[in-house]
Amino acid sequence: MKRVRKAVFPVAGLGTRFLPATKSIPKEMLTVVDRPVIQYVVDEARKAGIEHFIFVTGRNKGVIEDHFDLQFELNETLAQRGKTTQLDFLKTLQPEPGQTSFTRQQVPLGLGHAVWCARDLVGEEPFALLLPDMIMQTDKSCLSDMVELYEETGGNIIAVQECDPAEAHKYGIVGRGKDVHDGFEITGMVEKPKPGTAPSNLYINGRYILQPQIFGILAKQERGTGNEIQLTDAMLKLEKTQRFYGYHYRGSTFDCGSPEGFVEANIAFALARPEMRASVLGMLERLIADLDPRKAMQAAE
Ligand code: G1P
């Protein structure tokens with residue numbers, strides 16, 4: 001069985017929910033505490049043993065490429081000023097030369113189309129797909145667990161989590177079959193089901209391990225939900241000839257594609273930083289106390 005060495009990051013989205021911030025800054029470069037959203041996702045992939053990082057970008061996304069490049073002048077300045085802690089930290093995040101590739105999704109035709117744009121860069125091997133809107137908070141990465149499951153089962157793996165049934169229409173939802181190792185057989189998938197029609201409350205959380213045969217299907221894929229080329233529809237076709245397993249991830253996931261999820265991620269990641277925890281907790285307590293209606297009335301009197 002071929003190892004999962006490559007990961008695809010579709011980063012071409014316009015980020016309209018974050019305007020005006022995203023007029024000139026890609027949404028993937030917005031920071032959660034002090035690192036861009038995309039950095040969390042790339043770090044998750046690196047922890048899972050990924051060696052090649054493929055970004056499907058678009059216009060106005062050049063700064064993502066700069067971010068993963070070596071900033072020679074910055075490193076020299078930090079070295080001259082003796083700022084070794086920062087320098088060493090930056091080095092831990094730095095991809096080696098040749099470990100990154102960038103291609104462009106020229107037209108926004110949907111997630112399936114974005115993945116298809118990476119076909120030549122991936123080639124004939126299984127690959128991980130990480131949707132950068134979703135960032136996860138656990139010691140061991142979600143993708144690491146999926147790679148372990150993949151080494152037992154082969155096939156295709158999709159990570160899922162439970163959602164409120166009222167939210168199911170926002171996601172891809174899978175049906176759950178019998179348990180296999182730490183995962184389960186997937187018995188069906190539906191993208192953005194109409195209210196009341198979801199096969200379960202297990203939603204696709206944005207982490208996949210896929211076989212390269214998905215590209216041949218995507219090449220012929222018709223438009224689906226939202227008039228876009230949907231990855232879920234292509235996976236449904238691949239399911240006819242290949243096995244699909246679900247991995248039930250139980251850590252915390254933050255949907256940084258929505259402003260509320262982004263704010264929650266900032267609070268959660270700040271609280272997880274020992275040097276910030278006490279001061280951020282204090283700030284939150286003060287802000288919550290200020291919301292107390294009696295206080296608001298007193299202030300108004
Ligand atoms: C995409 C996928 C969907 C998945 C979701 C996770 O939808 O198509 O299956 O549940 O990501 O964020 P999008 O968020 O692009 O609408």
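Please read these numbers as outputs of a predicted model, since none were measured by experiment. We count ligands from 1, going down the list as the structure has it; atoms in each ligand are counted the same way.
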| said: As a quick check of understanding, evaluate side chain to side chain contact (heavy atoms under 4.5 Å, CB included) for Met29 and Ile38, giving each step before the final call. | reply: CA-CA 6 Å; Met29 290 301 292; Ile38 186 68; 4.0 Å; yes
Would you verify that at least one protein heavy atom lies under 4.0 Å from atom 15 (O) of ligand 1, or report that none does?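 It does not: no protein heavy atom is found less than 4.0 Å away from atom 15 (O) of ligand 1.
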message = Under 4.0 Å from atom 7 (O) of ligand 1, can you find at least one protein heavy atom?
response = yes
_Contacting atoms of ligand 1, where contact means under 4.0 angstrom from a heavy atom of Met134_ =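 Those of ligand 1 that fall under 4.0 Å from Met134 are 12 (O).
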For Leu131, the atoms of ligand 1 under 4.0 Å from one of its heavy atoms are 1 (C), 11 (O)
* Which of parallel (below 30°), tilted (30 to 60°) and perpendicular (above 60°) describes Phe18 and Phe262? ->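 Rings of Phe18 and Phe262: perpendicular, over 60°.
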Using a 3.5 Å cut-off on N or O atoms only, is [X] in polar contact with ligand 1?
{"X": "Glu191", "value": "yes"}
{"X": "Lys192", "value": "yes"}
{"X": "Gly172", "value": "yes"}
{"X": "Leu111", "value": "no"}

Practice task
Kindly indicate, with the supporting measurements, whether the criterion ring pair (Phe, Tyr, Trp, His ring centres under 6.0 Å) is fulfilled by Tyr40 and Phe254.
Solution key: CA-CA 11 Å; Tyr40 290 89; Phe254 303 95; 9.6 Å; no
- Begin with the C-alpha distance, continue with both residues' side-chain angles, and end with the deciding distance and a verdict on salt bridge (Lys or Arg N to Asp or Glu O under 4.0 Å) for Glu228 and Lys192. CA-CA 12 Å; Glu228 291 187 338; Lys192 315 228 162 51; over 6 Å; no
Dump the intermediate steps for salt bridge (Lys or Arg N to Asp or Glu O under 4.0 Å) on Arg207 and Asp145, then the final yes or no. CA-CA 11 Å; Arg207 300 293 184 267; Asp145 289 337; over 6 Å; no
Candidate list Arg5, Arg3, Lys2, Gln211, test side-chain hydrogen bond (donor to acceptor under 3.5 Å, both in side chains), partner Glu125, passing option: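 Exactly one pass, corresponding to Arg5.
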Checking heavy atoms under 4.0 Å, the part of Thr232 that sits near ligand 1 is side chain
Any heavy atom of Asp133 under 4.0 Å from ligand 1? The part involved is neither
- [ ] For Phe102 and Phe68, run ring pair (Phe, Tyr, Trp, His ring centres under 6.0 Å): C-alpha distance rounded to whole Å, both residues' side-chain angles, the deciding distance at 0.1 Å, then the answer.
- [x] CA-CA 11 Å; Phe102 298 83; Phe68 289 102; 7.5 Å; no
Nearest non-hydrogen protein atom to atom 10 (O) of ligand 1, with distance, is Ile204 O, 2.7 Å
In terms of hydrophobic clustering (I, L, V, M, F, W, Y; side-chain heavy atoms under 4.5 Å; direct or indirect links), are Val147 and Val160 co-clustered?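 No, because Val147 and Val160 fall into different hydrophobic clusters, even though each may have its own neighbours under 4.5 Å.
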